[in-house]
Amino acid sequence: MGILSDDVVIISQSEKEGEPSVITINCPDKTGLGCDLCRILLFFGLNIVRGDVTTDGKWCYLVFWVIGKPNTRWNLLKMRLVEASPSFSWAFGISRCYLSDSESQPPKLPDLFLLKLACSDRTGLLYDVTEVLYKLEINIEKVKISTTPDGKVMDLFFVTDTRELLGTGKRREEVYEYLRDAIGDSMISYDIGLVGSEITARSQASSSVAETLFSSDVSGEQPSGGLHTSSNVSISVDNSLSPAHTLIHITCQDHKGLLYDIMRTFKDFNIQISYGRFTIKRGRNCEIDLFIVQSDGRKILDSSKLNALVCRLRAELQQPLRVVMMNRGPDTELLVTNPVELSGKGRPQVFHDIALALKKINTCIFSAEIGRHVTGEREWEVYKVLINEEDSLPVTRSKIEEQVWNTLMGWE
């Protein structure tokens, strides 16, 4: 017995540019499925303008109205959404103890590769490289970028391949050709090889960085005034409307990855959504109603659990990412950080959007790094970008900070 993949995901593309396309997903349910699907939609750069979710705990039906781009790869998107759907065996109540060893084991970590790229420096170079890797579905796990005094750039990208083909000569040649077309005569050398996963071992941010970016997480206070926040977040809880569910009602300002941030929070708290509706009203104002239960199928009556969930949701919606400029001796450093899922997955396309924002305002990057930092029980990705100031910045530091924030939030 099986289900055709064409029946699992149906995409009805809009006939007019700017109008929403409709994505319908009909598959077995699991805790965190909404997060996994929204993460894929975020990776493909789609803006969700409306959403409906219904599940009975075993089977779910999801509909997303999304605004695509002229270059949206709809067929590839459908393939990735189908792959994210759970094993069909869950729909028929098969217990985990009856699954084979291969099915019950956690997923195998993807192979890690080191991409070495030497180029002549120019404005927008990093964005052009990250755009190529994005199109090829190559994920940047860690990066080390440095500029020499004679204007040469050495890029070290630790990457994984969504298609799991980077170990083949054909795939490596494809990457080289795409990079050569994007970079042109600026490319000096290119190499890629398999490395051990220990290369990406967790690195802690410095004490000054940690104090600036994570002090509110330690103290439990609202984010500091030096960091950008999204305004008008309101969250209410109602346990009286439904005998079996807790209702979470959210009104807030829309931003890129909004549904992903909500679903990620529920996944980390092991919360299941039985029914949900998401709509964008006038401007960027959003309303979300979610009927939720705990992993045991019961509504949430414990006030401490509810308070913890609401506090986390509010923090994630006010500040899904943190952006700040800092002095690093005589230089200026841009810091961006975002939470990591408990599964270990980071937020898609952050480094890509940072590079895009800096390219828009003609700001050169002298060096860049991606690392991870642990504070309390949470893990964060930290992006550190040293701005190439030379004599002076082409724009003010506050303008750089604002441009990066707006690009990451999708407010451009």
Side-chain angles (χ1 to χ4, degrees), residues 113-136 138-159 172-193 195 199-200 203 209 323-337 349-371 381-408 412:
F113 294 85
L114 173 59
L115 168 61
K116 300 178 183 178
L117 192 63
C119 309
S120 299
D121 195 18
R122 61 172 171 79
T123 302
L125 174 64
L126 183 59
Y127 169 74
D128 293 340
V129 174
T130 57
E131 178 71 3
V132 167
L133 298 181
Y134 159 66
K135 289 179 178 178
L136 293 174
I138 293 176
N139 308 301
I140 302 172
E141 306 295 337
K142 191 174 181 180
V143 69
K144 176 72 174 180
I145 296 171
S146 56
T147 304
T148 63
D150 60 350
K152 301 295 189 299
V153 177
M154 174 57 73
D155 297 342
L156 302 178
F157 293 94
F158 295 90
V159 299
R172 296 184 188 189
E173 182 65 22
E174 178 186 32
V175 174
Y176 168 74
E177 291 177 356
Y178 271 79
L179 287 171
R180 184 188 59 192
D181 289 344
I183 299 173
D185 295 337
S186 296
M187 182 185 289
I188 298 172
S189 65
Y190 159 91
D191 183 61
I192 190 165
V195 295
I199 297 294
T200 56
S203 60
V209 172
V323 179
V324 68
M325 301 287 287
M326 291 184 65
N327 292 325
R328 182 175 169 183
D331 301 313
T332 299
E333 188 171 55
L334 169 70
L335 297 170
V336 178
T337 186
Q349 298 304 304
V350 174
F351 195 57
H352 172 276
D353 288 349
I354 293 172
L356 173 60
L358 295 178
K359 180 181 180 179
K360 286 181 177 179
I361 52 178
N362 297 315
T363 299
C364 293
I365 297 172
F366 182 77
S367 66
E369 293 183 37
I370 302 176
E381 280 183 324
V382 179
Y383 301 80
K384 296 188 289 184
V385 179
L386 195 64
I387 302 300
N388 188 357
E389 294 186 84
E390 294 188 359
D391 295 330
S392 62
L393 286 171
V395 293
T396 63
R397 296 183 180 187
S398 61
K399 176 61 178 177
I400 294 176
E401 195 174 299
E402 181 182 4
Q403 179 70 48
V404 172
W405 169 257
N406 286 337
T407 302
L408 289 167
E412 284 288 300

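If you're wondering where the values come from, they're calculated on a predicted model, not measured in any experiment.
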*How long is the span from the CG atom in Leu125 to the CD1 atom in Ile145, to the nearest 0.5 Å?*
8.5 Å
*How many angstroms lie between OH in Tyr127 and CD1 in Ile365, if you round to the nearest 0.5 Å?*
12.5 Å
_Atom pair CD1/CD1 of Ile400 and Ile361 - distance to nearest 0.5 Å_ = 5.0 Å
*Closest approach of Ser367 and Ser146, non-hydrogen atoms and distance?*
CB-CA, 4.2 Å
*Do the side chains of Val395 and Glu402 get nearer than 4.5 Å, heavy atoms only?*
no
*Report, as yes or no, whether the 6.0 Å neighbourhood of atom NZ on Lys144 holds more than 12 heavy atoms from other residues, nucleotides or ligands.*
no
*Is there side-chain contact between Leu133 and His352, with at least one heavy-atom pair below 4.5 Å?*
no
*asked:* I'd like to know whether OH of Tyr178 has more than 12 heavy-atom contacts from other residues, nucleotides or ligands below 6.0 angstrom.
replied: no
*Nearest atoms (heavy-atom pairs only) where Ala118 meets Met154*: CB-CE, 3.9 Å
*Within a strict 4.5 Å, meaning less than it, do heavy atoms of the Leu156 and Leu114 side chains meet?*
yes
*Would you call the rings of Phe351 and Phe157 parallel, tilted or perpendicular if under 30° counts as parallel and over 60° as perpendicular?*
perpendicular
*Measure the NZ-CG distance between Lys360 and Leu358 for me, rounded to the nearest 0.5 Å.*
11.0 Å
*State, with a plain yes or no, whether a side-chain heavy atom of Phe366 is found less than 4.5 Å away from one of Asp331.*
no
_Within 6.0 angstrom of Asp185 CG, more than 12 heavy atoms from elsewhere_ = no
*Hey, does Ile183 have a side-chain heavy atom less than 4.5 Å from the side chain of Leu117?*
yes
*Would you please test Met325 and Ile387 for side chain to side chain contact (heavy atoms under 4.5 Å, CB included) and show each step?*
CA-CA 10 Å; Met325 301 287 287; Ile387 302 300; 4.3 Å; yes
*Do Cys119 and Lys152 come within less than 4.5 Å of each other through their side chains, counting heavy atoms only?*
no
*Is the side chain of Thr337 donor-acceptor paired with the backbone N or O of Glu381 at a distance under 3.5 Å, no angle test?*
yes
*Listed by chain and number, what are the ring pair (Phe, Tyr, Trp, His ring centres under 6.0 Å) partners of Tyr190, not counting sequence neighbours?*
Tyr176
_Validation row: Asp128, Val132 side chains within 4.5 angstrom (heavy atoms)_ = no
_Residue of the set Ile370, Leu126, Val159, Asp155 for which side-chain contact (heavy atoms from CB on, under 4.5 Å) holds with Val143_ = Ile370
*Are side-chain heavy atoms of Val323 and Leu334 found at a separation under 4.5 Å?*
yes
*Find the distance between CD1 (Ile138) and OG1 (Thr130) and round it off to the nearest 0.5 Å.*
12.5 Å
_Gap between atom CG of Leu408 and atom OH of Tyr383 - 0.5 Å precision_ = 9.0 Å
